[in-house]
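Notes follow once the structure below has been shown.
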Amino acid sequence: MRNAEQWIKELDMSPLPEEGGWFKEVYRSDEFIPKNSLPDRFQGKRTFSTSIYYLLKSDEFSAFHRIKQDEIWHFYEGSSLTIHIIDQSGTYKQIKLGRDFDSGECFQATIDKENLLAATVKKQGSFSLIGCTVAPGFEFEDFEAPNRSQLLELYPEHKVVITKLTR
């Protein structure tokens, strides 16, 4: 099995400073959905779909963020990954991505649009390599990463996880 640095080099990944981790866009549809056919939350046209590789090392975390689209996460390689979600009603839950179905892990999970999500790698000294598919296609203007104080004001009952997974 390759290590994190080998995957980052082989897949030509770049850092995601605001969120954390590494990514490489691997698909962007060449067809577009016009603005007038999209919900009001979008500011312009969008491609049909986009997908990326995403790698997270165990000494990193994906900070709480949200996007305007549903996002499908696919597990590929490495350690199990925990997706931390605070939904729009303020409920916190976790989804485990990985190969251990007997422990409640799954290969693929969908995070609903506009829900807050963060991620951590289960095993120390490891990494998780996953893919993310977004439709309509992702644009960086669809990304929002509220800061710690904003999230603590909205969800004080989730102080421990918010403090751990924000910058």
Side-chain angles (χ1 to χ4, degrees), residues 1-8 10-11 13-27 49-135 138 140 142-167:
M1 182 168 73
R2 292 174 175 88
N3 66 32
E5 297 306 323
Q6 289 169 317
W7 281 117
I8 290 167
E10 188 167 322
L11 297 175
M13 300 177 101
S14 300
L16 275 171
E18 253 189 281
E19 179 182 340
W22 301 79
F23 87 106
K24 172 68 174 185
E25 185 174 85
V26 292
Y27 174 74
S49 179
T50 55
S51 69
I52 64 167
Y53 290 129
Y54 181 69
L55 186 139
L56 192 62
K57 299 176 190 177
S58 62
D59 62 348
E60 303 172 320
F61 62 89
S62 169
F64 272 110
H65 65 282
R66 68 177 131 226
I67 65 171
K68 296 178 180 182
Q69 304 90 327
D70 292 345
E71 184 171 10
I72 304 167
W73 286 45
H74 315 263
F75 181 80
Y76 296 137
E77 188 66 68
S79 175
S80 303
L81 180 94
T82 302
I83 304 171
H84 305 265
I85 299 168
I86 301 175
D87 70 20
Q88 293 178 55
S89 71
T91 302
Y92 171 78
K93 69 177 182 176
Q94 295 181 355
I95 299 173
K96 308 277 187 191
L97 286 185
R99 293 187 177 97
D100 189 354
F101 280 74
D102 293 334
S103 295
E105 296 176 359
C106 57
F107 287 135
Q108 180 175 303
T110 302
I111 296 85
D112 292 337
K113 67 184 173 301
E114 299 181 353
N115 284 346
L116 290 160
L117 70 130
T120 54
V121 176
K122 180 178 179 180
K123 184 178 174 186
Q124 287 302 310
S126 186
F127 67 93
S128 297
L129 176 62
I130 64 155
C132 296
T133 304
V134 175
F138 176 79
F140 278 100
D142 300 331
F143 177 89
E144 178 191 5
N147 66 39
R148 181 176 294 156
S149 62
Q150 291 170 313
L151 292 179
L152 288 172
E153 187 175 319
L154 292 169
Y155 309 108
E157 67 275 24
H158 304 306
K159 180 180 181 177
V160 172
V161 72
I162 288 170
T163 301
K164 179 181 175 184
L165 300 176
T166 52
R167 301 196 193 296

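Here the structure is a predicted model, which is why all the values come from computation and not from measurement. Just so it is clear, the values below take in all heavy atoms, side chains as well, and ignore hydrogens, waters and symmetry mates.
- For Y92, the side chain to side chain donor-acceptor pair (under 3.5 Å) partners are H84, Q94, not counting sequence neighbours.
- Residues passing the side chain to side chain donor-acceptor pair (under 3.5 Å) test with E25 are R28, sequence neighbours excluded.
- Annotation: side chain to side chain donor-acceptor pair (under 3.5 Å) contacts of E10 (sequence neighbours excluded): R2.
- Taking each heavy atom of A145 and E18 in turn, the nearest pair found is CB-OE2, 3.8 Å.
- Side-chain contact between I111 and D70: absent, with no pair of heavy atoms (C-beta onward) separated by less than 4.5 Å.
- Classified by interplanar angle (parallel below 30°, tilted 30° to 60°, perpendicular above 60°), the ring pair Y76/H74 is parallel.
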I would like to know whether I85 and L116 meet side-chain contact (heavy atoms from CB on, under 4.5 Å); could you show each step before the answer?
-> CA-CA 6 Å; I85 299 168; L116 290 160; over 6 Å; no
Under the side-chain contact (heavy atoms from CB on, under 4.5 Å) criterion, do L165 and T120 qualify, and how do the steps go?
-> CA-CA 9 Å; L165 300 176; T120 54; 3.5 Å; yes
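- Residue pairs that meet the salt bridge (Lys or Arg N to Asp or Glu O under 4.0 Å) test with at least one member in residues 82-100, sequence neighbours left out, do not exist here.
- Proximity of a side-chain donor or acceptor of S49 to a complementary backbone N or O of V134 within less than 3.5 Å is detected.
- Looking only at side-chain heavy atoms (C-beta outward), F64 and P146 stay at 4.5 Å or farther from each other.
- With contacts defined as side-chain heavy-atom distances shorter than 4.5 Å, the pair E19/F61 does not qualify.
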Test log, rule side-chain contact (heavy atoms from CB on, under 4.5 Å), inputs T166 and L152 = CA-CA 10 Å; T166 52; L152 288 172; over 6 Å; no
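- Side-chain atoms of N115 come within 3.5 Å of backbone N or O of Q88 as a donor-acceptor pair.
- Scored by the salt bridge (charged side-chain N to carboxylate O under 4.0 Å, His left out) test, E5 finds K57 as partners (sequence neighbours excluded).
- Atom CZ of F23 is surrounded by more than 12 heavy atoms from other residues, nucleotides or ligands within 6.0 Å.
- Counting heavy atoms from C-beta outward, C106 and F75 have side chains that stay 4.5 Å or more apart.
- Here the rule is side chain to side chain contact (heavy atoms under 4.5 Å, CB included) with W73, and of T110, T133, L81 only L81 fits it.
- For Q150, the side chain to side chain donor-acceptor pair (under 3.5 Å) criterion is met by no residue, not counting sequence neighbours.
- Proximity of T91 to I86: side-chain heavy atoms (C-beta onward) are nowhere separated by under 4.5 Å.
- Taking the side chain as every heavy atom from C-beta outward, L117 and E71 approach each other to under 4.5 Å.
- Counting only residues at least two apart or on different chains, the ring-ring contact (aromatic ring centres under 6.0 Å, His included) pairs with a member in residues 94-124 are F101-F107.
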Which donor-acceptor pairs under 3.5 Å do the side chains of residues 122-130 make with protein atoms, sequence neighbours left out?
residue	atom	partner	partner atom	Å
S128	OG	S79	O	2.7
S128	OG	S80	O	3.4

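- Judged as a ring-ring contact (aromatic ring centres under 6.0 Å, His included), and not counting sequence neighbours, the contacts of F143 are H65.
- With sequence neighbours excluded, the residues forming a salt bridge (charged side-chain N to carboxylate O under 4.0 Å, His left out) with K24 are D12, listed by chain and number.
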Candidate pair L16 and W22, rule side-chain contact (heavy atoms from CB on, under 4.5 Å), full reasoning = CA-CA 6 Å; L16 275 171; W22 301 79; over 6 Å; no
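- Residues satisfying the salt bridge (charged side-chain N to carboxylate O under 4.0 Å, His left out) test with E77, not counting sequence neighbours, are none.
- Applying the salt bridge (Lys or Arg N to Asp or Glu O under 4.0 Å) test to every pair with at least one member in residues 143-167, sequence neighbours left out, gives these pairs: R66-E144.
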